[in-house]
Amino acid sequence: MANIEIVVLTGAGISAESGLPTFRDSNGLWKHYRFEDIASPVAWRNHPADVLDFYNMRRRFLADVEPNEAHWAISRLQEVASVQVVTQNVDNLHERAGTKNILHLHGELTKARSSTNPNLITEIGYRDILLGEKAADGSLLRPHIVWFGEEVPFISRAIELVSRAAVFIVIGTSLQVYPAAGLLQYASKSCRIFYVDLKASLNRLPGLTAQYIDGPAATVVPALVSDLINELQQSK
Ligand code: BV8
């Protein structure tokens with residue numbers, strides 16, 4: 001499998017064992033908030049303070065958690081193969097586990113941007129964005145997050161990567177948010193698909209042949225990665 005392209009698509013489930021809440025599990029974020037009211041341009045226009053509080057709270061919390069064994073395993077795989085991570089997550093746990101080549105489809109908590117110029121992005125680390133704070137162009141500073149109803153700028157790049165992948169590993173996502181969930185349809189017929197989730201085998205991927213791996217990511221991803229690394233070493 002030398003020099004093959006591996007794409008890893010991750011969702012909130014890969015960060016669950018680091019202590020970050022998912023969205024749609026029993027204690028998920030969308031159980032406490034309606035996403036239309038807190039993660040959309042309309043929410044930002046109508047009640048920016050609530051939106052800032054929501055992201056400020058998550059950003060502060062991110063400062064106090066660590067990558068888990070699933071994040072570290074992906075970094076180990078990247079040392080021996082060409083691995084591209086495409087994540088729906090806005091946390092920086094892949095980065096903090098040393099992984100390179102990460103495409104954030106839905107933005108990044110540790111960045112903020114101008115409300116009028118989406119390319120005017122600034123690194124803010126774990127600090128709050130204050131209500132009324134301005135970007136360099138004088139417009140309101142907003143979280144660098146893709147909200148519902150907003151375009152996903154990197155989706156074409158992600159489609160390109162998936163369509164070229166020889167191995168596609170999907171970890172910890174309920175595959176309910178589009179266009180990210182639609183990436184699976186771009187995997188080639190010869191692509192080996194692994195779907196890793198607490199309840200992977202309950203979420204059959206329509207029309208696709210995949211290997212379903214049930215279990216907590218911090219346990220099953222290291223095992224999958226060591227199998228793939230063994231395969232790589234034997235194929236050399
Ligand atoms: C777009 C923000 C068009 C960051 C997110 C009606 C109205 C408006 C829009 C729509 C609509 N109907 C459909 C749409 C499209 C909409 C959409 O898909 N809605 C869904 C709800 C139906 N999509 C959009 O709006 C997108 N934009 O379509 O734009 C357009 C085009 C051109 C021009 C203008 C506009 C934008 C989507 C991005 C939204 N932003 N996040 C933030 O606040 O975090 S999405 C949000 O959901 C997060 O990013 C999250 O990553 C993503 C997906 O969730 P998951 O990661 O899958 O998390 P979830 O909790 O669902 O699942 C966790 C999984 O992990 C579970 O399977 C669980 O079993 C597993 N798990 C748990 N613990 C573990 C585990 N697995 C392993 N180990 C464990 N320990």
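In listed order, ligands and their atoms are each counted from 1.
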### Message
If you measure every N or O of W30 against every N or O of ligand 1, does any of those distances drop under 3.5 Å?
### Response
no

### Query
Taking distance alone, with no angle check, do P179 and ligand 1 share an N/O pair under 3.5 Å?
no

Considering only the protein, which heavy-atom contact is closest to [atom], and what is its distance?
atom	answer
atom 41 (N) of ligand 1	V146 O, 4.1 Å
atom 54 (O) of ligand 1	R24 NH1, 2.8 Å
atom 69 (O) of ligand 1	D197 OD1, 2.7 Å
atom 42 (C) of ligand 1	R58 NH1, 3.4 Å
atom 79 (C) of ligand 1	G13 O, 3.4 Å
atom 32 (C) of ligand 1	E151 CG, 3.7 Å
atom 53 (C) of ligand 1	Q88 OE1, 3.3 Å
atom 20 (C) of ligand 1	Q176 O, 3.5 Å

Between [Y] and [X], is the closest basic N to carboxylate O distance under 4.0 Å?
X	Y	value
E79	R76	no
R142	E150	yes
K199	D214	no
E108	R59	no

Has [X] got a side-chain atom pairing as donor or acceptor with [Y]'s backbone, closer than 3.5 angstrom?
X	Y	answer
H47	V42	no
T122	A112	no
Q84	N101	yes

Indicate, as side chain, backbone, both or neither, the part of [X] found under 4.0 angstrom from ligand 1 when only non-hydrogen atoms are considered.
X	value
E150	backbone
L198	both
I145	side chain
Y55	side chain
A16	side chain

### Message
Are the side chains of H104 and I102 in contact, using a 4.5 Å heavy-atom criterion?
### Response
yes

### Message
With heavy-atom distances below 4.5 Å as the criterion, would you say the side chains of R96 and H71 are in contact?
### Response
no

Under 4.0 Å to a heavy atom of [X] - the qualifying atoms of ligand 1, by number:
X	result
H106	5 (C), 38 (C), 45 (S), 48 (C), 49 (O)
G172	63 (C), 64 (C), 65 (O), 76 (N)
E17	78 (N), 79 (C), 80 (N)
G215	77 (C), 78 (N)
V90	4 (C), 44 (O)
A217	77 (C), 78 (N), 79 (C)
P216	78 (N)
G11	56 (O)

### Message
Using 30° and 60° as the class boundaries, would you call the ring planes of Y195 and Y212 parallel, tilted or perpendicular?
### Response
perpendicular

### Query
Out of G149, A180, A12, P21, who gets a non-hydrogen atom closest to atom 35 (C) of ligand 1?
G149

### Query
Considering the options I14, L93, L109, N68, which one meets the side-chain contact (heavy atoms from CB on, under 4.5 Å) requirement together with L20?
L93

Would [atom] count as contacted, meaning some protein heavy atom under 4.0 Å?
atom	result
atom 14 (C) of ligand 1	no
atom 29 (O) of ligand 1	yes
atom 74 (C) of ligand 1	yes
atom 26 (C) of ligand 1	yes

### Task
Kindly check if the number of other-residue, nucleotide or ligand heavy atoms within 6.0 Å of CZ (F154) is above 12?
no

### Message
So, 4.0 Å and heavy atoms of E36: is ligand 1 close enough to count as a contact?
### Response
no

### Query
Centres of the Y33 and F54 rings: under 6.0 Å?
yes

## Note on the structure
Between E123 and T110, the two heavy atoms sitting closest are OE2-O, 2.7 Å

### Nearest heavy atoms of P67 and S18, plus distance in Å
C-OG, 3.6 Å

### Query
At what distance, to the nearest 0.5 angstrom, does CD1 of I74 lie from OG1 of T10?
6.5 Å

### Between T99 and Q78, a side-chain donor and acceptor under 3.5 Å
no

